[in-house]
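Sequence lines set the chain letters: A, B, ... in the order given, protein chains first and strands last, and positions in each chain run from 1.
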Amino acid sequence: MPELPEVETIVRELRESVCGKEISKIEAPWRKAVKPALNVAARILKGSKVEDVMRRGKFIIFILNKNVRLVVHLRMTGRLLWRVEQGRAKFIRVILRFADGSSLYFSDVRRFGRVWVYPVEVYKKATGISKLGVEPLDLDWESFKGIFKGRRGILKHSLLRQDLLAGVGNIYADEICFRIGLHPLTRLEKLGNDQLRSLFKAIGECLRDGIEHCGASISDFVGTKGTIGQHQHYLRVYGRKGKPCYSCSNLIKKTVVAGRGTFFCPSCQPILKK
DNA sequence: CCGGGCCTGCGG
DNA sequence: CCGCAGGCCCGG
């Protein structure tokens, strides 16, 4: 459930805390979390120093010297933590040990998350980063139009497609649809130029708001020091089934779109016809 | 385009 | 105690 704003929050914290550190060892209490096999990953990592930390979509990329990249995807319940609470040690899947004695823990209750270690020449292919679409926050209106104008498909489904736009997940997709006043099932091809333009603006606004509030701690998200975000207090529809719409006071409904729980206001978000 | 698989905790 | 939660991959 960490989406672009939550991942960005983590990356900003890491950039302040991990740069310059030398990795002395990688451990994997759950070996399947690491690709390639742990001994291979360890050999590639040997003696690597962290030069920078970046984000691409929902991927976290550690730039290491000697042209090595360590990539993390948190999927649903993954966390990167400098300290793990008592009782949650059983969820630690991977540990990065540093030469200064500190350790960064990859904890993940549901084991969907992964850590990859690869040379710079192959890491994008090996992780799936090469298949990602554009970065929503680097996007200008002309490029956005190039991607979405004339495209067919369901609005919410298109927002969730990482090969079009990298980083939007279920929560922000619903928030974006609410912000432009369209039902998540609206077909893209029915959007006029003005609506496309407002969609473009809404994507940027929703994601930037999320970053400004250090992410939404809805179910699981915490920062690297265990601190929660604040954006859950600012969500307009997600998780608000049966509660009055902030805009019109009608009750928020929940349905399923693209296989995911989807919240919307039936009166503020009509399905666009024709 | 839909649904199952990966997984576990927790809500109903 | 069943089934839902959902990012992403894959197969039909």
Among A:Ile171, A:Ile252, A:Thr262, whose side chain to side chain contact (heavy atoms under 4.5 Å, CB included) with A:Val237 holds? A:Ile252
Stems field, DNA chain B, Watson-Crick or wobble, 3.5 Å, at least 3 pairs, by first number, holds B:1-6 with C:7-12, B:8-12 with C:1-5
Contact class for A:Gly128 (heavy atom, under 4.0 Å): base, sugar-phosphate, or nothing? nothing
Pairs satisfying side-chain hydrogen bond (donor to acceptor under 3.5 Å, both in side chains), at least one member in residues 36-53 of chain A, at least two apart: none
Can you tell me how far P of C:dC9 sits from CG of A:Asp163, to the nearest Å? 9 Å
Could you check whether any side-chain heavy atom of A:Phe263 comes within less than 4.5 Å of a side-chain heavy atom of A:Lys241, counting everything from C-beta outward? yes
How long is the line joining CE of A:Met76 and P of C:dA5, in whole Å? 10 Å
Would A:Arg197 and A:Trp141 count as a cation-pi pair here, with the cationic atom under 6.0 angstrom from the ring centre and within 45° of the axis? yes
Measure CD1/A:Ile154 against C1'/B:dC1 and give the value in whole Å, please. 9 Å
If I pick the P atom on B:dC6 and the same atom on C:dC1, what distance separates them, to the nearest angstrom? 23 Å
Side-chain donor-acceptor pair present, A:Tyr172, A:Glu6, cut-off under 3.5 Å: yes
P atoms of C:dA5 and B:dC1, separation to the nearest Å: 22 Å
CG of A:Leu159 versus P of C:dC8: gap in Å, rounded? 14 Å
When you check the phosphate oxygens OP1 and OP2 of C:dC8, does a side-chain N or O of A:His73 lie under 4.0 Å from one of them? yes
If I take atom NZ in residue A:Lys35 and atom C1' in nucleotide C:dC8, what distance separates them, rounded to the nearest angstrom? 13 Å
P gap between C:dC10 and B:dC7, integer Å: 15 Å
If you pin A:Phe263 and A:Thr127 to their nearest nucleotides in DNA chain C, which one's is more 5'? A:Phe263
May I ask you to verify if any side-chain N or O of A:Gln162 is less than 4.0 angstrom from the OP1 or OP2 atom of C:dG7? no
From CG (A:Leu165) to CZ (A:Phe200), nearest 0.5 Å: 10.0 Å
Grab the CZ-P distance between A:Arg260 and B:dG4 for me, whole Å please. 15 Å
I'd like to know if A:Lys156 pairs up with A:Asp174 as an ion pair, taking the criterion as any Lys NZ or Arg NE/NH1/NH2 lying under 4.0 Å from an Asp or Glu carboxylate oxygen. yes
Spacing of A:Lys254 atom NZ relative to C:dC4 atom P, expressed in whole Å: 10 Å
For A:Trp82, does the six-membered ring have the charged nitrogen or CZ of A:Lys21 within the cation-pi criterion, i.e. under 6.0 angstrom from the centroid and within 45° of the normal? yes
Between atom NZ in A:Lys131 and atom P in C:dG7, what is the gap in whole Å? 17 Å
Is there side-chain contact between A:Glu27 and A:Lys25, with heavy atoms separated by less than 4.5 Å? yes
How is A:Tyr238 classified with respect to the nucleic acid when contacts are heavy atoms under 4.0 Å: base, sugar-phosphate, or nothing? sugar-phosphate
May I ask you to test the A:Arg114-A:Val72 pair for a side-chain heavy-atom distance under 4.5 Å? no
Base, backbone or nothing for each nucleotide of nucleotides 6-12 of chain B, written B, S, -, heavy atoms under 4.0 angstrom, 5' to 3'? BBBS---
